[in-house]
2 protein chains.
Amino acid sequence: MREVAARAGVSIKTVSNVVNHYQFVSDATRDKVEDAIHDLGYVVNASARTLRTGHTGIIALVIPDLQIPYFAQLSSLVIEEGKRLSLHVIVEPTLYSREGEIQALHGSQISMLDGIIFSPLELSGDDVDQLDIDVPLVLIGERIFTDNVDHIATENVEGAKRATTYLFQTGCRRIAVLGVHPGEDVGSAALRFRGYREALEEMGLAFDPKLVAPADRWHRIDGVNAMNLLLDQGVEMDGVVALNDMLASGASHAIQMRGLAVPGDISIIGFDNSEDSQYLSPALTTIAPGLEAVARLSMRVLKDRIDGNHPLDEPDGRPIFRKVSSSLVVRASTKPPTHAAGQLC
Amino acid sequence: MREVAARAGVSIKTVSNVVNHYQFVSDATRDKVEDAIHDLGYVVNASARTLRTGHTGIIALVIPDLQIPYFAQLSSLVIEEGKRLSLHVIVEPTLYSREGEIQALHGSQISMLDGIIFSPLELSGDDVDQLDIDVPLVLIGERIFTDNVDHIATENVEGAKRATTYLFQTGCRRIAVLGVHPGEDVGSAALRFRGYREALEEMGLAFDPKLVAPADRWHRIDGVNAMNLLLDQGVEMDGVVALNDMLASGASHAIQMRGLAVPGDISIIGFDNSEDSQYLSPALTTIAPGLEAVARLSMRVLKDRIDGNHPLDEPDGRPIFRKVSSSLVVRASTKPPTHAAGQLC
DNA sequence: TTGTAGGCGTTATCAA
DNA sequence: TTGATAACGCCTACAA
């Protein structure tokens with residue numbers, strides 16, 4: 001910067017003004033400085049600026065696993081939105097480790113972060129104190145409930161309810177559910193499971209524990225295993241609500257491996273509308289959670305907090321809670337709604 | 001830091017020494033300082049350290065698209081390896097834009113980067129000057145060839161050759177190829193296509209342009225489209241080499257939509273061994289490119305360059321060129337090798 | 001509209 | 001083994 005100033009015959013401060021688009025700089029001076037900058041290939045030193053301003057322009061996106069399409073897509077959208085707001089994104093997969101999540105919030109790297117977007121998986125309601133950190137924090141998804149933190153939620157209960165209801169409308173009466181986390185009460189699994197149960201109740205179907213297949217993780221292999229377990233037990237069913245698309249994909253695979261047809265013998269509905277879901281055979285009917293909105297909203301709230309503004313132009317600065325609405329995507333893994341069923345609802 | 005020093009009754013420098021594990025610090029002093037650090041909840045300021053040392057501890061991973069499982073997996077592995085080497089990773093998807101790739105290498109953010117791992121897609125051999133940047137750069141994949149940059153390559157030609165040969169060994173004689181980029185000569189598409197042609201030649205099969213289906217991008221939908229094009233044209237074939245797994249998945253879908261069987265009527269082999277590939281129906285036979293090795297090697301080379309060491313303990317400091325070897329993963333989308341064919345090879 | 005002085009929190013140098 | 005002091009490059013205040 002000093003060199004630039006010398007070459008342009010002005011002071012360092014003037015160079016700074018030009019670089020920061022300060023408006024009261026004469027055109028002549030500005031041109032001189034810009035030429036010098038160009039000639040010397042000067043770029044501002046981000047660290048020095050950071051040291052002075054206290055902002056790094058970097059945020060962390062803390063997620064369970066980048067290899068899950070849901071999170072890959074979310075990351076992609078968050079990075080994109082970050083670009084729009086001039087924020088760089090460090091993606092931190094915690095790989096299903098409680099320790100990893102705590103490290104991500106409290107590790108030494110937070111001193112280089114302007115904020116964190118956190119999708120908790122292992123931390124639960126008891127860990128609210130872990131969320132008390134020095135930089136702005138926005139929660140996405142579900143699992144931890146506290147009124148003190150900005151939170152962009154997805155419609156888990158409503159989405160699963162809709163999925164289950166739709167199966168009913170297509171004529172299914174013995175509907176299994178895949179991927180439940182027994183004992184959990186605030187995570188995506190618990191909420192989606194709750195939606196399933198609420199739908200059964202509304203449809204007047206009895207809840208049958210035999211139709212419930214737990215799965216700790218939600219990879220495709222877990223869907224294969226859970227489905228095989230049900231089939232091995234000879235459980236009678238004509239529909240499956242998988243708590244995410246990968247489970248659904250695995251289940252579809254397992255069913256077809258037995259020579260059964262989807263949706264002929266068993267219908268399947270997933271959750272997430274991952275990019276793959278449309279290319280499975282048969283293409284998967286699923287619930288789209290509105291990830292674009294999650295990415296956009298969470299990023300904007302964080303940016304507002306970083307800048308010290310009230311988030312989303314709310315009149316007061318209290319923690320935001322927004323629920324992004326989901327939608328049903330009908331494809332080929334379910335039968336068409338029956339007339340009779342339609343009337344029933 | 002000043003507060004810590006005051007509380008521990010030592011100088012700032014001593015605190016610095018403790019923080020940086022400088023070895024000549026008495027145990028008593030060290031304990032005092034560590035207590036003070038703990039009591040005050042002090043964390044080092046990354047920006048200040050960066051300003052002083054010139055290192056940020058951040059690198060960028062520049063890739064075309066995070067939503068492609070291949071790159072999601074690669075990113076995951078690179079981030080993991082980065083953690084091991086204390087380097088944070090900013091993932092920068094360029095979204096198939098030449099401008100995006102140039103920006104990633106020359107944008108203002110490089111002043112906050114210690115290095116870049118770059119998987120080029122749009123930049124070609126003519127753009128070698130674009131690779132001349134101020135921070136260490138490691139190329140991965142293919143596409144740009146220059147001896148002046150460290151490069152971790154994958155076995156594109158050999159892998160595709162192996163795939164094609166394997167189809168031949170299972171009895172296929174009319175083998176189509178999906179995802180070719182006409183006019184390209186150094187990208188993954190060109191190299192894999194070259195492997196396909198080399199295999200045909202070795203097997204004594206004639207090359208038939210009718211069996212070549214181009215596809216600019218390699219998403220599943222492109223596989224569906226490319227395959228449908230071939231099928232619509234009534235092209236006779238008994239095997240398909242898809243230049244990646246997503247194309248293969250799309251092709252498999254398209255074939256089965258027509259009521260044809262995989263591999264009964266048409267065998268399919270993919271490339272990349274993405275996590276999904278094993279859960280398709282039928283499970284996909286594919287080529288595993290050894291991504292773990294790519295991630296590990298590229299990260300280590302970069303780290304060595306950042307630290308000013310010769311990469312990978314090579315005696316001299318010349319640019320590294322390493323090729324990671326690939327392997328064949330046999331699943332259910334291909335028939336078993338025939339005895340006769342086996343003899344032929 | 002432009003210039004000068006000071007300090008952000010570290011680490012490096014050198015002296016004690 | 002420890003301490004004082006000077007940078008690192010930039011931005012804010014204030015003065016000119």
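Order of the sequence lines fixes the chain letters, A, B, ..., with proteins taken first and strands second; residue numbering starts at 1 for each chain.
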Tell me: [atom1] of [X] to [atom2] of [N], nearest whole Å?
X        : N       : atom1 : atom2 : answer
Lys32(B) : dT2(D)  : NZ    : C1'   : 11 Å
Arg2(B)  : dT11(C) : CZ    : C1'   : 15 Å
Asn17(B) : dA4(D)  : CG    : P     : 13 Å
Ile12(B) : dA7(D)  : CD1   : P     : 17 Å
Asn45(B) : dT11(C) : CG    : C1'   : 13 Å
Lys13(A) : dG9(D)  : NZ    : C1'   : 13 Å

Considering every strand and a 4.0 Å limit on heavy-atom distances, what is the contact class for [X]: base, sugar-phosphate, or nothing?
X        : result
Val19(A) : nothing
Val43(B) : sugar-phosphate
Thr29(A) : sugar-phosphate

Exercise. When only distance counts, do a donor and an acceptor, one from the side chain of Arg52(B) and one from the base of dA12(C), lie under 3.5 Å apart?
Worked result: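 No such pair is found, so the answer is no.
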Of the candidate nucleotides [options], which contains the atom at the shortest distance from the side chain of [X]?
X        : options                  : answer
Leu51(A) : dT1(D), dT10(C), dC8(C)  : dC8(C)
Val10(A) : dT1(D), dG3(C), dT11(C)  : dG3(C)
Tyr22(A) : dT2(C), dA12(C), dT1(D)  : dT2(C)
Ala48(A) : dG9(C), dC10(D), dC11(D) : dC10(D)

Exercise. When you check the phosphate oxygens OP1 and OP2 of dT1(D), does a side-chain N or O of Ser26(B) lie under 4.0 Å from one of them?
Worked result: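 Indeed not, no polar side-chain atom of Ser26(B) lies that close.
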Exercise. Within the structure, does a side-chain N or O atom of Thr53(A) lie under 4.0 Å from either OP1 or OP2 of dC11(D)?
Worked result: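 No, because none of the side-chain N or O atoms of Thr53(A) sits under 4.0 Å from OP1 or OP2 of dC11(D).
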